[in-house]
There are 2 protein chains.
Amino acid sequence: MPRAGLNAAKVVEQAAELADEAGWDGLSLAGLASRCGVRLPSLYKHIASLDALRLEVSALGLRELTAALTSSVVGKSGSAALHAMADAYRTYALAHPGRYQATVSAPTGEHPGQDQAAVELFQLVKAALSAYGLSGDDAIDAVRALRATLHGFVHLETNHAFGLPTDVDRSYRRLVEGIDTAIAGWASNEQPSN
Amino acid sequence: MPRAGLNAAKVVEQAAELADEAGWDGLSLAGLASRCGVRLPSLYKHIASLDALRLEVSALGLRELTAALTSSVVGKSGSAALHAMADAYRTYALAHPGRYQATVSAPTGEHPGQDQAAVELFQLVKAALSAYGLSGDDAIDAVRALRATLHGFVHLETNHAFGLPTDVDRSYRRLVEGIDTAIAGWASNEQPSN
DNA sequence: ACCCATAGCTAATCAGAGTAGCTTTTGGGC
DNA sequence: GCCCAAAAGCTACTCTGATTAGCTATGGGT
């Protein structure tokens with residue numbers, strides 16, 4: 001009986017692909033085992049439990065999302081950075097719906113990698129928005145607003161919640177332009193530099 | 001052995017309360033049965049399956065959400081209506097997190113009540129935004145933008161995704177003001193009435 | 001060639017969803 | 001008040017998926 005040659009990293013990667021194909025709720029150890037070519041209990045040589053696996057997939061998604069946003073903003077700032085991040089965000093979420101949902105709805109457990117990845121993502125977005133001249137709670141409001149906007153749209157889109165056939169790309173572009181204008185407006189309230 | 005006196009409506013209501021307490025993913029027939037004071041198989045006298053029950057809870061949530069938004073906008077239009085709806089939306093979602101999540105992530109099955117409730121909610125929001133003077137695809141973009149914004153914020157909030165202790169109410173208020181400004185700006189592009 | 005860490009296995013337990021079929025309550029007609 | 005059919009509830013069973021226990025065989029390092 002030849003071995004499958006699994007390890008923890010491969011198992012998590014396969015789980016992420018399964019989640020992308022079958023949905024975050026469709027991620028099961030039974031499905032993962034057959035995809036990996038082993039029997040279900042063999043997975044426990046590489047993971048602690050289904051919940052632990054979900055945390056790993058969540059951390060993987062956060063790391064990948066952070067990497068995608070990071071490379072999207074190099075050399076950009078302000079409005080250009082915001083638009084670039086918005087595009088990269090939606091592109092990643094549509095390409096990897098399972099791991100994207102994992103980044104939001106994973107169990108809020110104690111996983112150092114997951115927490116650290118979330119903090120890094122927050123810092124990245126905050127830095128990218130620094131050109132808007134916000135500080136303190138205003139900067140936090142801006143990060144939250146941008147995150148809520150992008151997440152809301154993408155989450156609804158991946159849940160097929162937009163019933164009408166109207167161009168979804170255009171709706172997204174206008175929404176991003178709107179949030180860009182809104183955050184820029186906050187900045188002028190903060191820094192009356194005229 | 002006295003009867004519990006259940007019927008389909010009571011079962012769905014109990015399921016909605018259970019979903020609010022245990023989370024949408026924590027909604028199980030086992031938990032529902034013990035909450036209703038009956039054995040698990042007895043539930044099948046009132047529902048067809050767990051998936052069917054989830055559709056019912058989703059439809060209930062959509063109806064309640066539509067009712068809450070409807071009563072929030074009576075006598076208002078434009079910006080006042082938008083702010084009123086935003087407050088009612090978040091209030092409902094925070095008070096009923098389980099059924100709120102059901103409105104988005106229920107199985108996309110064929111449930112006439114669910115579909116109809118979704119259409120009614122869309123029409124309500126579109127009508128409430130009519131004072132912005134948008135038409136055609138612009139109106140659809142506005143409804144999508146508002147929905148994405150409110151949903152994104154509330155979904156992240158109910159998933160405890162805002163790590164920082166910074167005032168969440170204030171972040172929400174500023175986000176709603178931002179989307180109000182953005183949609184108003186679209187309108188001026190459409191109707192150069194000056 | 002040997003050894004041991006470990007990848008993988010079978011077998012078993014447990015919980016939850018769903019089905020089959022029986023029993024009992026209950027409300028309406030007489 | 002009595003009778004009966006519909007419905008409400010039950011027990012027993014099956015099936016699937018997660019998890020644990022314990023056995024076996026592989027294969028890299030010596």
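Letters go in sequence order (proteins before strands), and every chain restarts at 1.
One can place CG of A:L53 at 16 Å from P of D:dG17, the figure rounded to the nearest angstrom. In this structure, A:I47 places its CD1 atom 13 Å from P of C:dA7, rounding to the nearest Å.
Of the residues in residues 36-46 of chain B, those with a non-hydrogen atom less than 4.0 angstrom from any atom of DNA chain C are B:L40, B:P41, B:Y44. Using a 4.0 Å cut-off on heavy atoms, the residues of residues 5-33 of chain B that approach DNA chain C are B:S28, B:L29, B:A30, listed by number.
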Exercise answer: donor-acceptor pairs, residues 122-131 of chain A side-chain atoms, under 3.5 Å, sequence neighbours excluded:
unit_1, atom_1, unit_2, atom_2, d
A:S130, OG, A:A127, O, 2.8

Please set out all donor-acceptor pairs under 3.5 angstrom arising from side-chain atoms of residues 58-67 of chain B, sequence neighbours excluded.
unit_1, atom_1, unit_2, atom_2, d
B:S58, OG, B:A102, O, 3.1
B:S58, OG, B:Q114, NE2, 2.7
B:E64, OE1, B:Y92, OH, 2.5
B:E64, OE1, B:R99, NH1, 3.3
B:E64, OE2, B:R99, NH1, 3.2
B:T66, OG1, B:L62, O, 2.7

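The shortest side-chain heavy-atom distance between A:L29 and A:I47 falls under the 4.5 Å cut-off.
In terms of the side-chain hydrogen bond (donor to acceptor under 3.5 Å, both in side chains) criterion, residue partners of A:Q116 (sequence neighbours excluded) are, by chain and number, A:E120. In this structure A:R170 satisfies the side-chain contact (heavy atoms from CB on, under 4.5 Å) test together with A:D167, A:R173, A:R174, B:D137, B:D138, B:D141, sequence neighbours excluded. Applying the side-chain contact (heavy atoms from CB on, under 4.5 Å) rule to B:A52 yields the partners B:A48, B:S49; only residues at least two apart in sequence or on another chain are considered. Residues satisfying the side-chain contact (heavy atoms from CB on, under 4.5 Å) criterion with A:A15, sequence neighbours excluded, are A:L27, A:L32, A:L53, A:V57.
For residues 21-46 of chain A, the side chain to side chain donor-acceptor pair (under 3.5 Å) pairs, not counting sequence neighbours, are A:Q14-A:R35, A:E17-A:R35, A:E21-A:R35.
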